[in-house]
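So you know, we letter chains A, B, ... as the sequences are listed, proteins then strands, and number each from 1. Atom set for the values below is all heavy atoms of this structure, side chains included, hydrogens, waters and symmetry mates excluded. Quantities reported herein were computed from a predicted structural model and do not represent experimental measurements.
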Number of protein chains: 4
Amino acid sequence: MGAVRTKRKPRAVREQQMLDAAVQLFGQRGYMAASMDEIAERAGVSKPLVYLYLNSKEDLFGACIRREATALTEAVRSKVRPDMPAERQLWEGLRAFFTHTAQHPEGWTVLHRQAHTQGEPFAAEVAAVRAEFIAFVAQLILAAARDRAAPCARGDGGPGERHVPALPEHEATGLAEALVGAAESLAAWANATPGVTAHQAAATLMNFAWAGLGNLMEGRAWSPSAA
Amino acid sequence: MGAVRTKRKPRAVREQQMLDAAVQLFGQRGYMAASMDEIAERAGVSKPLVYLYLNSKEDLFGACIRREATALTEAVRSKVRPDMPAERQLWEGLRAFFTHTAQHPEGWTVLHRQAHTQGEPFAAEVAAVRAEFIAFVAQLILAAARDRAAPCARGDGGPGERHVPALPEHEATGLAEALVGAAESLAAWANATPGVTAHQAAATLMNFAWAGLGNLMEGRAWSPSAA
Amino acid sequence: MGAVRTKRKPRAVREQQMLDAAVQLFGQRGYMAASMDEIAERAGVSKPLVYLYLNSKEDLFGACIRREATALTEAVRSKVRPDMPAERQLWEGLRAFFTHTAQHPEGWTVLHRQAHTQGEPFAAEVAAVRAEFIAFVAQLILAAARDRAAPCARGDGGPGERHVPALPEHEATGLAEALVGAAESLAAWANATPGVTAHQAAATLMNFAWAGLGNLMEGRAWSPSAA
Amino acid sequence: MGAVRTKRKPRAVREQQMLDAAVQLFGQRGYMAASMDEIAERAGVSKPLVYLYLNSKEDLFGACIRREATALTEAVRSKVRPDMPAERQLWEGLRAFFTHTAQHPEGWTVLHRQAHTQGEPFAAEVAAVRAEFIAFVAQLILAAARDRAAPCARGDGGPGERHVPALPEHEATGLAEALVGAAESLAAWANATPGVTAHQAAATLMNFAWAGLGNLMEGRAWSPSAA
DNA sequence: TATGAATGAGGTTTCATTCAT
DNA sequence: TATGAATGAAACCTCATTCAT
């Protein structure tokens, strides 16, 4: 069965067909359970052609990961301008993220679920992309901390004013990790829950995170002793 | 080569050996890449015995998931008493969660990474456990909302007092999803980052989440128009 | 069709069946053209069993080479006693060699034809066995040279007597190489020519070689200028 | 990667390029392990062109064998004149043989090693060439026998003179087989041993063979009872 | 209870070969 | 003349699973 087998397309076209099929199947079944037979069939080509163009199952998987990671990164980057205030950057970034993952659910599954599961070449590859995201978010958090601190610094300097130290970088990374983790989880949830839009998911997360971060930066840290 | 093969142990003991081996290997290699041969060898028994006791690879994987899910649930439940305030419940629950995942990294990997990537029987099983967690956390959030609302309600009732409506359940679920997602992510991060203790991970997450939730419940919701 | 598939034999038996089949097919078709499918079928077992016991096609081929090389070496060694005179040792060795190669033609083909053809692991293996043979024959030639020289030395010592220098080792190796090459070639010829017995082949080669060697050692070397 | 692909060469040139590449690869890897892909690449042409000119892998291999066999035969034949004495013919022929095999090692490998190991079409082809060589050498041996016998016959006819019967043809063939086998073996040995020249190899073999043959023809046959 | 012996089915990969231009 | 695009067939190898003891 499979797709109709059209003939004699240029290489680039066929390669995209293959990657599309592969992302779908890797997303649905996982790396090992997706067979090259099935991928070739869904791409509408014969198996040898897949090997001719993409070399091996591992290489094919790697190509999928790279394509999807690049697409996601681009989608987010294109919406985030460095001259926006940090808060706005975060909001736009999250919206782009949830929008993209909603439009490419299999791609997102491959990146989020499957790539980690396989051995070192792939785990490392997605880990690198993810680390970039984390670092970016950590920078935003630090920038936001400065943004909030500035008005205070410009304040009256009266006796009640507490100096707000810059958030330690190490702490910012932990927070970024939490935020990104929450985002990843919400993306899967939004994809699986009908009626939840990307906009809503982004708003939920901003609600959850932003105000909390604000409090935190103003020195009102939560402490176990309070509980 | 393989564990020492001692003889004639009672069934329960043998079964635990097998599950231990299986959890290790499923965690390290994934469901498909872990072979029954290797599992049997690492368990120190012959392959037919594995089949005699656990029926099939699928059943074995299911048994692993159930055992690990139960253990994790138990670990958390045993630390959370319903008569604690919601905030304390959340704190203790998170601490238990991070402690357990740190002590059973392969089990956590099986639940978090591997179970999702296989077909329906397992994804559903682990999703069910996760849904319980989410529901529990959502309840805590709603309870906390009430806790915070109560003092206000008991307040002076002066003109400035705004009535805080109960957080809508749907919203609470989204927040719980985000919190649990953040927790899962932090668990993996803490396991992979030397020097991060379960205590610290829990505190980071409380810091991140709790204050924000508080703000949110007091009506200071974040809104995109502000950005 | 293949052999009748009898059941539940002990491992050692099955392994010999497999090696028998493999030697036959490797001999007839060559390493690459012989398929594991066909080997398994001819051995009367399923393919996975071949892999279970012999690991891989390469290992199987290696096992064949080692078995056949050992058998040939043993056959020759068992007939050659170091206390025989060199001439007798050579004769008995050649007879044993031609007898064995006549009785195990496929084994001989594997050693002589196929093993060289494949990459390094095997070429080296047979080259090692062959080098042992060459060295052994070279020793015999040198010993024979001494045997022949001795009576002369015990001669009258008159003015006509020329001292015969020990044959240089390097030369002996070249001669041994030629002799062994001739033997190898004659073995194939004898196998392919009906009516030529091992005894005759051995006698032909002794005729060809021994007298010539004798002349050579007595100083009557052939020289191009004579031609 | 691969040879530079120049354009529009006449067919004969292209064919030689292909045969050159094929002989190299068949010699290095063997018939089955050499792929048409690699041959085409090394020849600097596309694969369909190889098929256009040479039809199939089998035909290509056959063409290689024929080309190399013809070249070797020509090289030897051009140095051997029927009016030379048999001894001289043998010496010149051997020298030409060792010289040619040293200059065309892959071609020699294809003829000596690879052609035999494949199925019937090729083994027969190279066997035919070899049979011609053997027959030629057998004739030389018989001729030499007559050369040697003649002077004796013309001798004094004194009482000690034994009549030397013409060497039986069957015997001559066996001896020729041995000689050619030795030559083949020495060719491989000389190719693999640095510092051994074609001249030396030829001399070694003449030394080994000629004197022995002489003895043999003079009736001093070796006999097992002597050993 | 426990295991050595055995296999059907299916995986990835490669190859010789052809079509359409 | 020459080639990029494409594939049927078959190779090696592994796995989950069962049988007979």
Per-nucleotide protein contact string for nucleotides 14-21 of chain E (B base, S sugar-phosphate only, - none; heavy atom under 4.0 Å): BBSBBBS-
[X] has an atom [atom1]; how far is it from atom [atom2] of [N], in whole Å?
X	N	atom1	atom2	value
C:F61	F:dC13	CZ	P	14 Å
D:Q17	F:dA2	CD	C1'	13 Å
C:E15	E:dG4	CD	P	15 Å
B:R29	F:dT14	CZ	P	14 Å
B:L54	F:dA16	CG	P	14 Å
B:Y53	F:dA16	OH	P	21 Å
C:E38	F:dA10	CD	C1'	13 Å

Please figure out whether A:P10 or D:L52 has its closest DNA chain F nucleotide nearer the 5' end. D:L52
Not counting sequence neighbours, which residues clear salt bridge (Lys or Arg N to Asp or Glu O under 4.0 Å) with B:E106? List them please. none
Taking distance alone, no hydrogens or angles, what donor-acceptor pairs closer than 3.5 Å link side-chain atoms of residues 48-57 of chain C to residues at least two apart or in another chain?
residue, atom, partner, partner atom, Å
C:N55, ND2, C:D59, OD2, 3.4
C:S56, OG, C:E58, N, 3.4
C:S56, OG, C:D59, N, 3.1
C:K57, NZ, C:Y31, O, 2.9
C:K57, NZ, C:M32, O, 3.4
C:K57, NZ, C:A34, O, 2.8

Using heavy atoms and a sub-4.0 Å distance, could you list which residues of residues 18-28 of chain B are near DNA chain E? By number, please.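 Correct list: empty, so none.
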I'd like to check the side-chain hydrogen bond (donor to acceptor under 3.5 Å, both in side chains) partners of A:Q24; sequence neighbours left out, ordered by chain and number.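 With neighbours one apart ignored, the set is A:R42.
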Hey, could you give me the [atom1]/[atom2] distance between [X] and [Y], rounded to the nearest 0.5 Å?
X	Y	atom1	atom2	value
C:Q114	C:E68	CD	CD	12.5 Å
D:Q28	D:E38	CD	CD	8.5 Å
B:I39	B:R29	CD1	CZ	9.5 Å
D:R113	D:T117	CZ	OG1	10.5 Å

Contact nearer the 5' end of DNA chain E, comparing B:R11 with C:R11: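 It is B:R11, whose closest nucleotide lies nearer the 5' terminus.
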Determine the interplanar angle of the B:H112 and B:H116 rings, folded into 0 to 90°, and report it as parallel if under 30°, tilted if 30 to 60°, perpendicular if over 60°. perpendicular
Do C:H104 and C:L72 make a side-chain contact, defined as non-hydrogen atoms from C-beta onward lying under 4.5 Å apart? no
Are B:L19 and B:L60 side-chain neighbours, meaning at least one heavy-atom pair lies under 4.5 Å? yes
Are OP1 or OP2 of E:dA2 and a side-chain N or O of B:R14 less than 4.0 angstrom apart? yes
Closest non-hydrogen atom pair between B:F122 and B:A115, with its separation: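 For B:F122 versus B:A115, the nearest heavy atoms are CB-O, 3.8 Å.
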Between the two end axes of the helix from E:dA2-F:dT21 to E:dT21-F:dA2, each built from 5 base pairs, what angle do you get to the nearest 10°?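 Comparing the first five pairs with the last five, the axes sit 30° apart.
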